[in-house]
2 protein chains.
Amino acid sequence: MTDFVTGSTHSADALPVSAVDPLADLPGYLLRRAANSMMAELGTRLNAHELRISEATVLLLINDRTDLTSAEIGKLLEIQRANMVPLLARLETAGLIHRVPINRKSQAIVLTPHGRTRLDEVRAVTQKFEADLLERIPAQHRPHLVPALQALLG
Amino acid sequence: MTDFVTGSTHSADALPVSAVDPLADLPGYLLRRAANSMMAELGTRLNAHELRISEATVLLLINDRTDLTSAEIGKLLEIQRANMVPLLARLETAGLIHRVPINRKSQAIVLTPHGRTRLDEVRAVTQKFEADLLERIPAQHRPHLVPALQALLG
DNA sequence: TATTGTTATACTCTATAACTATA
DNA sequence: TATAGTTATAGAGTATAACAATA
């Protein structure tokens, strides 16, 4: 059998992970491995819609807002101002967003009609993904994940 | 005040994160953000010891084992065989590991005496880091984090 | 035939410094 | 003075294809 996440092929009756990998009980290490696995999975699903995770995240954040600037999106998503430039350029080239001048210095990033349609696809993908992710977690631990992760963010 | 993890400067009495960031309740999104924040923090701490996270992880895994090959380390840590090459080259150049031939095809990766000394430093850093990470999580959620993350790995 | 170690390459995310134009 | 948008660049992690040598 092949593991859904890791792709490893240990049999089900093998020793616990920690016996073969002494790091497998460390929360920080697990956090990185789990995030990498889950983001690889999400990336694959979004790739079918020709979007990167960062691009889909921007679409979800903008939604119907018409007041967000590039710098504000970056702050909310923890993306450097400089790194927003190529990201938004790709979304603009794909016809998913357009720029509405606020003044001569700032411009709002707004979804185009096509962008709104694509956002509906993104929402379907991410909702399915989030549901699948939660289903992998045993019920008794499930309600604790979001609060625990939020605590790590401050 | 500046947040330990995110570096953001929202005041303590601000609206809940989900009010300003509609993604803040999604477990997958939180998983990525939390992992990024924590790994940035760990990276900074290890940087003081001139080690990357991946390098420190390899040292922790090898420990006192003398039977691990590059390919096996890669499988355990989910690092591609090809990406192990520069990683081990850096550790070898730094005098932390050396290679012991197993046969004419394979070679074991083993810590040097200096590597063992540096591993002790790494262990101190990572144990402190893991403890700090857990302390950030409210007590009622704390015991659920590791099992939940392990479930995401398979 | 399958695996080990390796080279080469490329993509993504992330980070910093610096510049301009405007608030 | 501070901020918005941008350019350029670099570091780090990750991924694939391909090769020679050996199990």
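In this text the structure is predicted, and so the values were computed from the model without any measurement. All heavy atoms count here, side chains included; hydrogens, waters and symmetry mates do not. Numbered from 1 within each chain, the chains take letters A, B, ... in sequence-line order.
Between B/R116 and B/D120 there is no salt bridge, since no side-chain N of the basic residue sits under 4.0 Å from a carboxylate O of the acidic one. Of the charged side-chain nitrogens involved, at least one lies within less than 4.0 Å of a carboxylate oxygen, so that A/R118 and A/E121 count as a salt-bridged pair.
Counting to the nearest Å, the P atom of C/dT4 and the CG atom of B/D67 are 14 Å from each other. Counting to the nearest Å, the P atom of C/dC11 and the CG atom of A/N47 are 13 Å from each other. The distance between atom CE of A/M84 and atom P of C/dT12, rounded to the nearest whole Å, is 17 Å. Following rounding to the nearest Å, B/I53 (CD1) and D/dG11 (P) show an atom-to-atom distance of 17 Å. Whole-Å rounding puts the B/L51 CG to D/dA12 P distance at 12 Å. Rounding to whole angstrom units, CG of residue A/L77 and P of C/dC13 are separated by 13 Å. In this structure, A/L88 places its CG atom 10 Å from C1' of D/dG5, rounding to the nearest Å. With rounding to whole Å, B/R90 atom CZ is found 12 Å from D/dG11 atom P.
No side-chain donor from either of B/R32 and A/N36 sits under 3.5 Å from a side-chain acceptor of the other.
In this structure, A/E55 contributes its side chain and A/R52 its backbone to a donor-acceptor pair below 3.5 Å.
By the neighbour-count criterion of 12 heavy atoms within 6.0 Å, atom CD of A/Q140 is densely surrounded, having more than that number from other residues, nucleotides or ligands.
In this structure, A/A82 reaches the bases: a heavy-atom distance under 4.0 Å links it to at least one base atom across the strands shown. Contacts of B/R52 with the nucleic acid, taken as non-hydrogen atoms under 4.0 Å apart, involve only primed sugar atoms and P, OP1 or OP2.
OP1 or OP2 of D/dA4 sits under 4.0 Å from a side-chain N or O of A/K75. One finds no side-chain N or O of B/N36 lying less than 4.0 angstrom from the OP1 or OP2 phosphate oxygen of C/dC13. Residue B/S54 places at least one side-chain N or O closer than 4.0 Å to OP1 or OP2 of D/dG13. Residue B/Q80 places no side-chain N or O under 4.0 Å from the OP1 or OP2 atom of D/dT14.
If B/P86 and A/I79 are placed on DNA chain C by their nearest nucleotide, the residue sitting closer to the 5' end is B/P86. Summary of the strand contacts: A/E72 and B/R81 both lie near DNA chain D, and taking for each the nucleotide with the nearest heavy atom, the more 5' one is attributed to A/E72.
Evaluation of the ring-ring contact (aromatic ring centres under 6.0 Å, His included) test over residues 84-127 of chain B, restricted to residues two or more places apart or in two chains, returns none.
Contact check of residues 91-109 of chain A against DNA chain D (heavy atom, cut-off under 4.0 Å) returns A/R99, A/K105, A/S106, A/Q107.
The minimum heavy-atom distance linking B/I73 with B/M84 is given by the pair CG2-CE, 3.5 Å.
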